Every structure is written in C-alpha cells, then in structure tokens.
Amino acid sequence: MMSACGAPPFEVPSKWIQEQESLKRRLVLEDDFTWTISSPEGLSSPSSGLCGGHKLRYVGGVDLSFSKDDPSVACGALVVVDLESLAVVHADFSLVQLHIPYVPGFLAFREAPVFLELLEKMKQDSHPFYPQLLMVDGNGLLHPRGFGLACHLGVLSNLPTVGIGKNLHHVDGLTQSGVRQLLQAQENCTKDVITLIGNSGRIWGAAMRSTEGSLKPLFISTGHRILLNSAIKVVKMCCKYHVPEPIRQADIRSRAYLRKHSGMGNPIRTMHLL
DNA sequence: GCGACAG
DNA sequence: ATCTTGTCGC
C-alpha cells in the first residue's frame, strides 16, 4: 500500500490541554487597567481622560516571521507604538530556532516563549516604553477551548491583551463565508463591526472591516484583562491600514530583520523550554 | 468516514 | 507561516 503521507505525525501532549485549562482559570474578562482609552473618532465618551487618570499611550504588538529556507528558523518581534501618532517608539527582535511544530489550537506553545522573553527583557530594563497593552497576531477567546495565544500571553505576562486574527478559526458553527455574508448584508452595510455569535449563543469576538472595501475582515477577540468593546476601540485607533499598526510593524520589521540576519554566520539562539 | 483547523 | 510580478493609484 502506498501510504507515504509526508506529514510527520505529531501527538498533542495532554500536558498542553491541561496547561490551557489551568491558565484559563486565571483569565480576567473585564477591563482591568487604570488608564483610559481616548475616544476613537468624534464619539466622545464621558469618562474618557477627564479626572486624574492617565491615557493609554504605549501599545505593543508581537509577530513571528519564518525563514523560507529553514522553516524552523524564525524572528520574533516586539514593537511598541505611541497611540497618538502610531509611530514606533521601540522595536526588539529575537532570532530563534523553534522545535515545536504549529498545531492548530496550540499556537501558544510554539510562539509565546519568544514574546515572553522579549517582554521580560524590556521589563528588567525598566524600559519607559514598556507596553500598557499588547496586540497579538492570533486569537484570544476565539479558540476551540476559549484560550488562544492572546489569552495565553496575557495571563503569563499579566498584561491586557487583544487577539487579532486575519483568518477565522472555525468554532461553534462560525465560518468565514458566513461572517462575510453578514458584513455584506444590507442591514449591516452601515456597520463595520459585527459580533461573532456561535450556534451556542456564545460571543466569541468580533469581525471588523478596518479598511473601506476590504472583503477580508479582521477577527478581534479578547485576550486578557479587557472587554471586547474596549478591545474594538483600541484596534480602531490603531488601524492606519487593514492590519493594526503594532502588529503590522512587528510583521514588517521581523521579516526585514530575518532577511538581513539570515545569511550564514549568524548565531541563532535556541530557546530554552519552560 | 470526511472536512476543518489562528500562525 | 511561505511560495511570488506586475499593476493601479495617491
């Protein structure tokens, strides 16, 4: 029999599921921060930036880019943008070799260690631009077990996090085409954001067209210490283009860093597992 | 059994 | 994620 399917089998460690369940108990599903989110556009919210509280200013973004030559070689990027100007005020990179494969539903075990290390470096340096909130390239609650990369990073870093997906991870009956239909429907023509409600009635996140005629929406979901509505506000404020600036810059810069440092003779640091 | 499956 | 050129437009 010809059964030489090239795909190497990979068993999901039960440890992974246990850890997701365990960390999930530490999730905070409400706005848990002292700063305020200045209103998106024209819409003035009464409590925004009035009494004594400081504003959200430094928004972080993380992303990972891979070498086309060696898929195990990647560059993780942590950038921080100033919310007022959307200018990058900090960028750091980590060239690593990954030993854990990408498994749908377990993205965090592959990518989170890289980002946690970059965050830790900033924290130990008492960096003035340490992010107040982190935008993650991947989902939060919009996940088979309600605990995607954004939740995982949020709990382990104790930072408010927002998950941004560019493709929908099908869950609870939600489908890409179904969501697009809703966004195109006449009733919703005026709206640029729709809530993602699954067959069970549960709210998983939101789909938003960040650019005028974009057919592909962004999938926003809560990571940690922030409400969906607050997350949507922040994402809107960050969208200069289709993809919010913190993540877009992390993507662009990690790719550039990889190109420049992927030539031979460069020390690739191996991540030590937790 | 078959398809779906963030990055 | 990555493989990929030109093209249309400000």
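All values derive from a computational prediction rather than experimental measurement. Order of the sequence lines sets the chain letters (A, B, ...), proteins ahead of strands, with each chain counted from 1. Scope of the values below: all heavy atoms of this structure, side chains included, with no hydrogens, waters or symmetry mates.
Atom CG in Asn199(A) sits about 17 Å away from atom P in dA4(B), given to the nearest Å. When rounded to the nearest whole Å, the span between CG of Asp69(A) and C1' of dT2(C) equals 11 Å. Put simply, CG on Leu174(A) is 22 Å from P on dG3(B), counting in whole angstrom units. In this structure, Lys166(A) places its NZ atom 9 Å from C1' of dA6(B), rounding to the nearest Å. To the nearest angstrom, C1' of dG7(B) lies 14 Å from CZ of Phe219(A). Atom CZ in Arg110(A) sits about 12 Å away from atom C1' in dT2(C), given to the nearest Å. Protein atom CD1 of Ile164(A) is 18 Å distant from nucleotide atom C1' of dA1(C), rounded to whole Å. Remark: C1' of dA1(C) and CD1 of Ile100(A) are 16 Å apart, rounded to the nearest angstrom.
Here the side chain of Lys68(A) is nearest to one of dT2(C), dG7(B), dA6(B), namely dT2(C).
Residue Gly105(A) is in base contact, counting any heavy-atom pair closer than 4.0 Å across all strands shown. Across all strands shown, Asp137(A) has heavy atoms under 4.0 Å from sugar-phosphate atoms exclusively, and none from any base. Here Leu149(A) lies in heavy-atom contact (under 4.0 Å) with a base. Gly148(A) comes within contact range of at least one nucleobase, with a heavy-atom separation under 4.0 Å. Residue contacts shown for Phe109(A) are absent, as no nucleic acid heavy atom lies under 4.0 Å away.
Note: Phe109(A) and His152(A) have perpendicular aromatic rings, judged against thresholds of 30 and 60 degrees for the angle between ring planes. Using a 30° and 60° split on the angle between ring planes, His169(A) and His143(A) fall in the perpendicular class, above 60°. Ring pair Phe33(A)/Trp35(A) is parallel by interplanar angle, where below 30° counts as parallel and above 60° as perpendicular.
Checking each of Leu56(A), Leu133(A), Ile37(A) against Leu83(A) for a side-chain contact (heavy atoms from CB on, under 4.5 Å) leaves exactly one that passes, namely Leu56(A).
Per the stacking criterion (ring centres < 5.5 Å, plane angle < 30°), Tyr102(A) does not stack onto the base of dA1(C).
Phosphate contact (OP1/OP2 of dC5(B), side-chain N/O of His170(A), threshold under 4.0 Å): present. Taking 4.0 angstrom as the limit, Arg255(A) places a side-chain polar atom (N or O) nearer than this to OP1 or OP2 of dT2(C).
Using a distance-only test at 3.5 Å, with no hydrogens or angles considered, a donor-acceptor pair links the side chain of Thr161(A) to the main chain of Ala150(A).
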